[in-house]
Structure formats: C-alpha cells, structure tokens
Amino acid sequence: MISSTTQILSDNLQRIRERIEAACARAGRSRNEVTLIAVTKYAELDWVRALIDLGMTELGESRPQQLVSRAAELPAHIHWHMIGHLQRNKVDTILPVVSRIHSVDSVRLVEAIQKSARKLGVRPRVLLEVNVSGEQSKDGFDPTELMSAWPMIQTLDSIAVEGLMTMAPLNEQVESARPVFQELARFRNQLIEASEGLANLPDLSMGMSGDFEIGIDEGATLIRVGSSLFEGLSRE
Ligand SMILES: *Cc1c(COP(=O)(O)O)cnc(C)c1O
C-alpha cells in the first residue's frame, strides 16, 4: 500500500514538473536545462525519505547542521545543495558532504572555502550569491563589490565557481521577481566579459515555489522549491 505522504508528495511533484515543463516550453528552452532542487529545510525526515523513494536526488538545506546530519542518515547517492547562509566556521564540516554551495556571499567566505578545500583536497562547486535588489536585510554580494573581487576569485584553484544565485524580494506580486532575475543574468554576462571570456558561469540559481516560472523564463538552470512540494502535509 502506498502511504498518504507518498501519494501527496507524488501529486505535488507531478504538478511542479508540469509547471516546469510549461515554463520551459513558453521560454523556448529544453527541459533538460533546468534542475529541480527539493528544499527540505522544513520537511520531516520521513517526507524526505519518501521523496527519495520517488526518485528525487537533488536536495537543498539552508542550515549546515541539518544538511550534515541528514547526509549521514540518508543514502549516499543524494546530491546536497547548501542554499542558506554559511558561517566560515562551518565550512570544514560541510565540504565533505555537499554537492554545491549556492550561498557564497562574501570574500571572506570565498577565502575560507578555498583554504578548507585545499586542506581537504577537494574542489567544491559553488555559486556566488548576489544581492541584486540591494535590500539592506539580505545576504549576498553587492554587485560592485563582487566585480572588484572577481579577478582575485578567479585565481583560486580549489573552488569551482559555476554561476550565480539570488533571491527575489518578498512581494505579493510574483512579477516583481522578474527585474531581479534579469539583473542577475545580466550581471553574469558582465562577469564573463570581465574575465575576457575565460570564466564559464553556466548556472543561475533563481526561483522558488512562487516564482520559479519567472526564473526559468529568465534563464534559471537551478530552481529551489520547498513549500509547493510539501503542500498538504503537516508536521507532527
Ligand atoms: C526556503 C528557501 C527556498 C524555498 O522556498 P519556497 O518558497 O518554500 O519554495 C529557496 N531558496 C532558499 C535560499 C530558501 O531558504
């Protein structure tokens, strides 16, 4: 018998996949260009197990402790995405288990990752988080600050910078995300130009439950979806 949790997750997943396909079709993009990351930060462990049984392999967590403990409990084939603010003193513990870090938001963190990666003999795949909307309260590089640090970042041999991440401002109007996502895509091109074409920044991580269609429209390759995936389930 299939549990009701699995049934709900399976229905939600199907709906989200249909939304992704429709958004790709509208944008004239191939479905293969977009990876769905299931954000499990508020999900109970049983729900995450059910998602894995349904074939999900890309999971995102926003707290390093939870990412590390779940990585230890769940199957080794899962790719873990660190999407929340990362303190420098947590870098050593997450590098051995993380597949991508989306939330690299300062020069000091970049340097801490380089140092730790070199020590551990790994080369983590990262995205630089950019605060394109300029909200005071938000994490992320200021674009000007990132542009000045960019030559230095490109010399770091133990970090693979593969793209950029941003969060749209919280707003009832879904369309308000669009200029923010457009700006992130434009800024990615500026970084590539500044590297004289040497940098390859294929990935844009932008779009959550409410606005991932807009993200896809504006070139997202990674979307981070939590609440729509777990709709209809309630925590004990
Ligand atoms: C929680 C979170 C998400 C998922 O948001 P939903 O609106 O629940 O889909 C995506 N990205 C980050 C960085 C988050 O913290």
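Every number for a ligand or one of its atoms is a count from 1 in the order of the listing.
A chain of hydrophobic side-chain contacts below 4.5 Å, direct or via other Ile, Leu, Val, Met, Phe, Trp or Tyr residues, connects V110 to L120.
Of the inter-residue distances, the one linking N131 atom CG with L146 atom CG reads 11.5 Å to the nearest 0.5 angstrom. The CG atom of L54 sits 14.5 Å away from atom CZ of R49, with the distance rounded to the nearest 0.5 Å.
Residue contacts with ligand 1, taken as heavy atom pairs separated by less than 4.0 Å, do not involve H102 at all.
Close approach to V225 involves these atoms of ligand 1, each under 4.0 Å from a residue heavy atom: 9 (O). Of all atoms in ligand 1, listed by their number and element, those nearer than 4.0 Å to a heavy atom of G226 are 4 (C), 6 (P), 8 (O), 9 (O).
Residue M167 has no N or O atom closer than 3.5 Å to an N or O atom of ligand 1. Ligand 1 has a nitrogen or oxygen under 3.5 angstrom from a nitrogen or oxygen of K41.
Using a cutoff of 4.0 Å between basic side-chain nitrogens and carboxylate oxygens, R29 and D217 are not scored as salt-bridged. In this structure, R188 does not pair ionically with D203, as no charged nitrogen and carboxylate oxygen lie closer than 4.0 Å.
Among S62, S228, S227, A38, the residue whose heavy atom lies closest to atom 7 (O) of ligand 1 is S227. Checking R224, R63, E61 against atom 11 (N) of ligand 1, the nearest heavy atom belongs to R224.
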Less than 3.5 Å apart, which donor and acceptor atoms pair up between the side chains of residues 160-174 and the rest of the protein, not counting sequence neighbours?
from: E162; atom 1: OE1; to: R125; atom 2: NE; distance (Å): 2.8
from: E162; atom 1: OE1; to: R125; atom 2: NH2; distance (Å): 3.1
from: E162; atom 1: OE2; to: R125; atom 2: NE; distance (Å): 3.1
from: T166; atom 1: OG1; to: V130; atom 2: O; distance (Å): 2.7
from: N171; atom 1: OD1; to: Q173; atom 2: N; distance (Å): 2.8

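Among residues two or more places apart in sequence or in another chain, the ring pair (Phe, Tyr, Trp, His ring centres under 6.0 Å) test is passed with W47 by F230.
Closest to atom 12 (C) of ligand 1 among all protein heavy atoms lies I83 CD1, 3.5 Å. Looking only at protein heavy atoms, the nearest one to atom 9 (O) of ligand 1 is S209 OG, 2.5 Å. Closest to atom 3 (C) of ligand 1, if we only count protein heavy atoms, is M208 SD, 3.7 Å.
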